[in-house]
A.B. asks: 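Next up is a structure, given as structure tokens.
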Amino acid sequence: MGNFSRVRVRFAPSPTGGLHMGGVRTALFNYLFAKKHGGDFILRIEDTDRSRFVEGAEQYIIDALKWCGIPPNEGVGFGDGPYGPYRQSERKETGIYHRYAMKLVECGAAYYAFDTEEELEQMRKRMEQAGVPSPQYNHITRQHMRNSLTLSAEEVNKLLQNNTPYVIRLKVPRNEEIKFHDIIRGWVVVNSNQVDDKVLLKSDGMPTYHLAHLADDIEMKISHVVRGEEWLPSAPAHILIYKALGLENLMPEFAHLPLILNPDGHGKISKRESRFPVFPLSWKDPREKEEFIGYREAGYFPEAFMNILALIGWNPGDNQEIMTLDEMAQKFDFAKVNKAGAKFDPEKARWFNQVYLRKKSNEELARLLMPELEKKGWKGEESYVARVCGLMKEKIHFVKECLELGNYFFEEPECKDHEFLKKKKFDENREVYRVLADALENLSSWEAPGIQETFKKTEFEGKKPDMQTFRYLISGHTSGPGLFEVAELLGKDSVIKRIKKNI
Ligand code: GLU
């Protein structure tokens with residue numbers, strides 16, 4: 001806990017698009033950690049890069065966290081707490097970022113740089129020609145650029161008075177060891193020569209991520225920074241800033257989460273993935289045509305989705321895989337989060353949903369299915385749908401599959417699989433099914449055991465009906481849940497009508 005008396009964590013997405021599953025997992029781990037320690041979970045919107053701002057993305061993030069059932073207790077869209085505003089564009093108006101930048105300039109840890117785009121381009125070209133593959137503005141190149149380290153104080157003052165555009169850069173010291181602790185990775189040591197002089201304040205007065213998130217983390221008394229591994233390379237620069245400000249006592253602990261990898265283990269999951277959804281809710285960027293389907297729309301339950309995400313990279317160390325959010329929070333521990341990237345297993349994800357589906361009552365499933373049925377123009381009783389769900393439950397991963405795999409409960413099936421009927425020698429056996437239909441018609445009570453009994457007893461010229469064919473005639477499918485239970489639920493009239501239609 002270091003110097004903090006209370007756990008305060010933040011999820012700090014930039015509204016640059018739909019939040020993908022990696023981002024949701026980051027939010028989830030923040031949520032679980034806060035819950036475990038009775039702390040605060042904050043949503044901060046990092047919207048200082050206006051060029052990447054996407055309309056609707058902020059609302060999407062809020063809606064996604066709500067659907068997932070992991071609401072922050074402070075922040076944009078969830079009720080402000082004592083550290084607002086929680087949107088960086090609004091925080092900028094308070095002058096906070098400028099203040100931090102000035103403090104860094106005053107203590108010599110940052111400097112003004114007046115280089116134009118052309119000058120920067122020339123520098124990159126020069127370095128490339130000299131054999132430097134990815135040139136940076138750093139302890140070497142800065143010596144040959146137009147900045148407050150190379151210009152005289154007078155020149156700098158003049159440029160500032162003339163409103164010459166400038167940025168403020170971090171002055172990274174030469175050849176120093178930067179060492180910091182990460183709860184997941186242990187001690188991380190980087191030589192400062194690897195770190196570039198990052199821009200902290202841009203020429204339009206906007207802070208970059210590096211400055212803004214750090215100022216906010218300090219002001220919002222953030223105790224732990226839990227974020228994706230992609231931010232690990234920037235962390236050494238952040239450590240330098242805390243040190244320069246003399247605020248090491250307010251430095252949060254870091255936890256950089258492992259990447260979520262493709263099922264084949266090669267690279268990060270792409271949003272164009274076709275084998276499984278990547279977004280929690282369907283997402284459409286207003287500037288693009290494509291719409292990406294979400295876990296919600298694909299039929300995942302939010303509890304299942306959270307369970308799936310929690311176990312990507314985290315292993316609680318016991319054999320319990322199915323957990324509620326409360327159980328996850330109780331067990332959550334960064335010591336059990338892996339460093340290495342974790343493969344996403346789409347089959348396992350479907351399995352999780354199936355487990356959650358089976359736990360739901362038939363009535364609950366029916367309630368979810370009713371709107372889909374109504375959309376298709378089906379009119380009927382919810383209690384009937386509940387019985388359908390009860391039968392189909394064991395066969396499906398998603399409630400919606402009741403409509404595809406159990407379509408015959410809601411409409412008369414087509415029995416046009418001639419190959420199947422040929423294989424079953426149906427033409428030669430039609431009479432058997434006529435006899436079966438007649439015997440069923442004479443049944444006084446319509447219940448599965450009686451239907452089964454009648455089926456077993458049916459015989460015509462030494463031939464008996466075949467279960468799979470019977471199923472096919474009444475459902476149009478060659479497999480499904482308990483055949484006689486299906487027949488019972490379809491009802492006597494319907495079963496007889498369906499058989500007779502085909503003979
Ligand atoms: N705004 C950053 C992002 O979009 C936040 C990174 C952090 O958590 O420090 O992921």
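As the structure lists them, so they are numbered: ligands from 1, and atoms in each ligand from 1. All heavy atoms count here, side chains included; hydrogens, waters and symmetry mates do not.
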A.B. asks: When you measure from atom 2 (C) of ligand 1 to every protein heavy atom, which one gives the shortest distance, and what is it?
C.D. replies: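 Result: Ala12 O, 3.3 Å.
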A.B. asks: To the nearest 0.1 Å, how far is atom 3 (C) of ligand 1 from its closest protein heavy atom, and which atom is that?
C.D. replies: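 Minimum-distance protein heavy atom for atom 3 (C) of ligand 1 reads Trp231 CZ2, 3.5 Å.
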A.B. asks: Give the contacting part of Phe11 toward ligand 1: side chain, backbone, both or neither, where contact means a heavy-atom distance below 4.0 Å.
C.D. replies: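 For Phe11, no heavy atom sits under 4.0 Å from ligand 1.
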A.B. asks: Using the salt bridge (Lys or Arg N to Asp or Glu O under 4.0 Å) rule, take Lys158 and Glu155 through it: C-alpha gap first, then chi angles, then the decisive distance, then the call.
C.D. replies: CA-CA 5 Å; Lys158 213 158 115 206; Glu155 280 171 305; over 6 Å; no
A.B. asks: Please list the nearest protein heavy atom to atom 6 (C) of ligand 1 with its residue and the distance rounded to 0.1 Å.
C.D. replies: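 Its nearest protein heavy-atom neighbour is Tyr209 OH, 3.3 Å.
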A.B. asks: Which pair of non-hydrogen atoms, one from Val172 and one from Ser192, has the smallest distance, and what is that distance?
C.D. replies: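 Where Val172 meets Ser192 most closely, the heavy atoms are CG1-O, 3.5 Å.
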A.B. asks: Which atoms from ligand 1 have a heavy atom of Glu46 less than 4.0 Å away?
C.D. replies: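 So the atoms of ligand 1 that pass are 1 (N), 2 (C), 5 (C).
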A.B. asks: List the residues meeting salt bridge (Lys or Arg N to Asp or Glu O under 4.0 Å) with Arg350, not counting sequence neighbours, and say none if there are none.
C.D. replies: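 Arg350 satisfies salt bridge (Lys or Arg N to Asp or Glu O under 4.0 Å) with Glu347 once adjacent residues are dropped.
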A.B. asks: Taking only distance into account, with no hydrogens and no angle test, what donor-acceptor pairs under 3.5 Å do side-chain atoms of residues 276-286 form with protein atoms, sequence neighbours excluded?
C.D. replies:
residue : atom : partner : partner atom : Å
Ser282  : OG   : Gly294  : N            : 3.1
Ser282  : OG   : Glu297  : OE1          : 3.2
Lys284  : NZ   : Glu288  : O            : 2.7
Asp285  : OD1  : Arg287  : N            : 2.9
Asp285  : OD1  : Arg287  : NE           : 3.1
Asp285  : OD2  : Arg287  : NH2          : 2.8

A.B. asks: For atom 8 (O) of ligand 1, find the nearest protein heavy atom and state the residue, atom name and distance (0.1 Å precision).
C.D. replies: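 Closest protein heavy atom to atom 8 (O) of ligand 1: Arg10 NH1, 2.7 Å.
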A.B. asks: Is a donor from one side chain sitting under 3.5 angstrom from an acceptor on the other, for Glu74 and Tyr86?
C.D. replies: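 There is such a pair (donor and acceptor under 3.5 Å, judged by atom type) between the side chains of Glu74 and Tyr86.
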